[in-house]
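Here is the naming used below: chain letters follow the sequence lines, and residue numbers restart at 1 for every chain.
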Amino acid sequence: GAVVSQHPSRVICKSGTSVKIECRSLDFQATTMFWYRQFPKQSLMLMATSNEGSKATYEQGVEKDKFLINHASLTLSTLTVTSAHPEDSSFYICSEKVRETQYFGPGTRLLVL
Amino acid sequence: QKEVEQDPGPLSVPEGAIVSLNCTYSNSAFQYFMWYRQYSRKGPELLMYTYSSGNKEDGRFTAQVDKSSKYISLFIRDSQPSDSATYLCAMSIFTGNQFYFGTGTSLTVIP
C-alpha cells in the first residue's frame with residue numbers, strides 16, 4: 001500500500017497563531033489528497049479535497065479562509081490553520097487517493113492554548 | 001437515512017474468538033468496499049479492499065460483500081489483543097472522489 005507521512009505529529013500553539021501541517025506521499029504521485037479532522041471517540045469528518053495544481057474543494061461548513069490548503073506538488077499537500085483558537089484543537093489526518101481507495105497519514109494532534 | 005450505517009459498539013470479546021463486524025448501506029451504486037483499522041491516536045490503516053460482491057481473505061481477516069442485501073462484513077478469526085481498535089468501513093462509487101465512511105466499531109479483545 002501507499003505510504004503517507006505527516007509533520008508534525010503533535011503541535012501545541014498559542015491562540016491566534018497559525019499552524020502548518022504537511023502531508024507527504026512517499027511512494028505515489030498523489031493527484032488527490034483529503035484532509036479530515038477527528039474529535040475524540042468520533043468518526044472522521046472530511047474537511048476538504050485537495051487536487052494538485054488547483055484550488056481545494058471544501059465541505060459545507062468548513063471555512064476556507066481559516067483552513068488554507070495548498071497542493072503545489074504531487075507529493076505534498078499542506079493545511080494551514082490560521083489564527084487558531086482552542087476550538088480548533090483536534091486530530092487532523094490527511095490521506096491520498098490511490099485508484100479507488102485511500103491511504104491515511106498518521107495524523108497530527110493540534111492543541112491550541 | 002445515512003449512506004452507511006455501522007454499529008458503534010463497543011464490542012468486547014475474549015482472545016481467540018471470531019469477530020464479526022458489519023455495515024449496511026443504502027446506495028446501490030457503491031462498488032468499492034474497504035475496511036480500515038484505527039488505533040487510538042493514529043491514522044486509519046487500510047486492512048481490506050474489495051470490489052463488488054463476494055469474499056476476500058487475507059490471513060485472519062475475511063471481507064464479505066453482499067450487494068443484494070447492501071451488507072458488508074469483516075470477520076476476524078483467532079482474535080488477538082492487538083486487534084483491539086476501532087474498525088471503519090468505507091465505500092465508494094466507481095468515479096469521483098467521494099468516499100462514505102461508517103462511524104466505526106470499537107473492538108476490545110480481552111486476553
Rounded to the nearest 0.5 Å, how far does [atom2] of [Y] lie from [atom1] of [X]?
| X | Y | atom1 | atom2 | result |
| --- | --- | --- | --- | --- |
| B:T86 | A:K41 | OG1 | NZ | 8.0 Å |
| B:S92 | A:R99 | OG | CZ | 12.5 Å |
| A:Y36 | B:F101 | OH | CZ | 4.0 Å |

Query - Heavy-atom pair count under 4.5 Å with chain A, highest-scoring of B:E45, B:M34, B:R41 - result: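 Among the listed options, the one with the most contacts to chain A is B:R41.
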[Y] side chain reached by [X] side chain, heavy atoms, under 4.5 Å:
| X | Y | value |
| --- | --- | --- |
| A:N51 | B:N97 | yes |
| A:T101 | B:Y32 | no |
| A:I93 | B:Q38 | yes |

Going hydrophobic residue to hydrophobic residue with side-chain gaps under 4.5 angstrom, can you get from [X] over to [Y]?
| X | Y | answer |
| --- | --- | --- |
| B:I72 | B:F61 | yes |
| A:L46 | A:F91 | yes |
| A:W35 | B:L88 | no |
| A:L110 | A:V4 | no |
| A:Y92 | A:F34 | no |

So for atom [atom1], which belongs to [X], do other residues, nucleotides or ligands contribute more than 12 heavy atoms lying within a distance under 6.0 Å?
| X | atom1 | result |
| --- | --- | --- |
| A:R10 | CZ | no |
| A:K64 | NZ | no |
| B:Q98 | CD | no |

**Report entry** side chain to side chain contact (heavy atoms under 4.5 Å, CB included) between A:E100 and B:Y51, worked out
**Finding:** CA-CA 9 Å; A:E100 301 308 324; B:Y51 168 72; over 6 Å; no
**Report entry** Contacting region of B:I93 [heavy-atom separation from chain A under 4.5 Å]
**Finding:**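 Contact with chain A involves the backbone of B:I93 alone.
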Query raised in the report: Which atom pair, heavy atoms only, marks the closest approach of B:G102 to A:S43?
Result: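 Result for this residue pair: O-OG, 3.2 Å.
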Query raised in the report: Between B:Y36 and A:Q102, what is the shortest heavy-atom contact and its length?
Result: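 The answer is OH-O, 2.6 Å.
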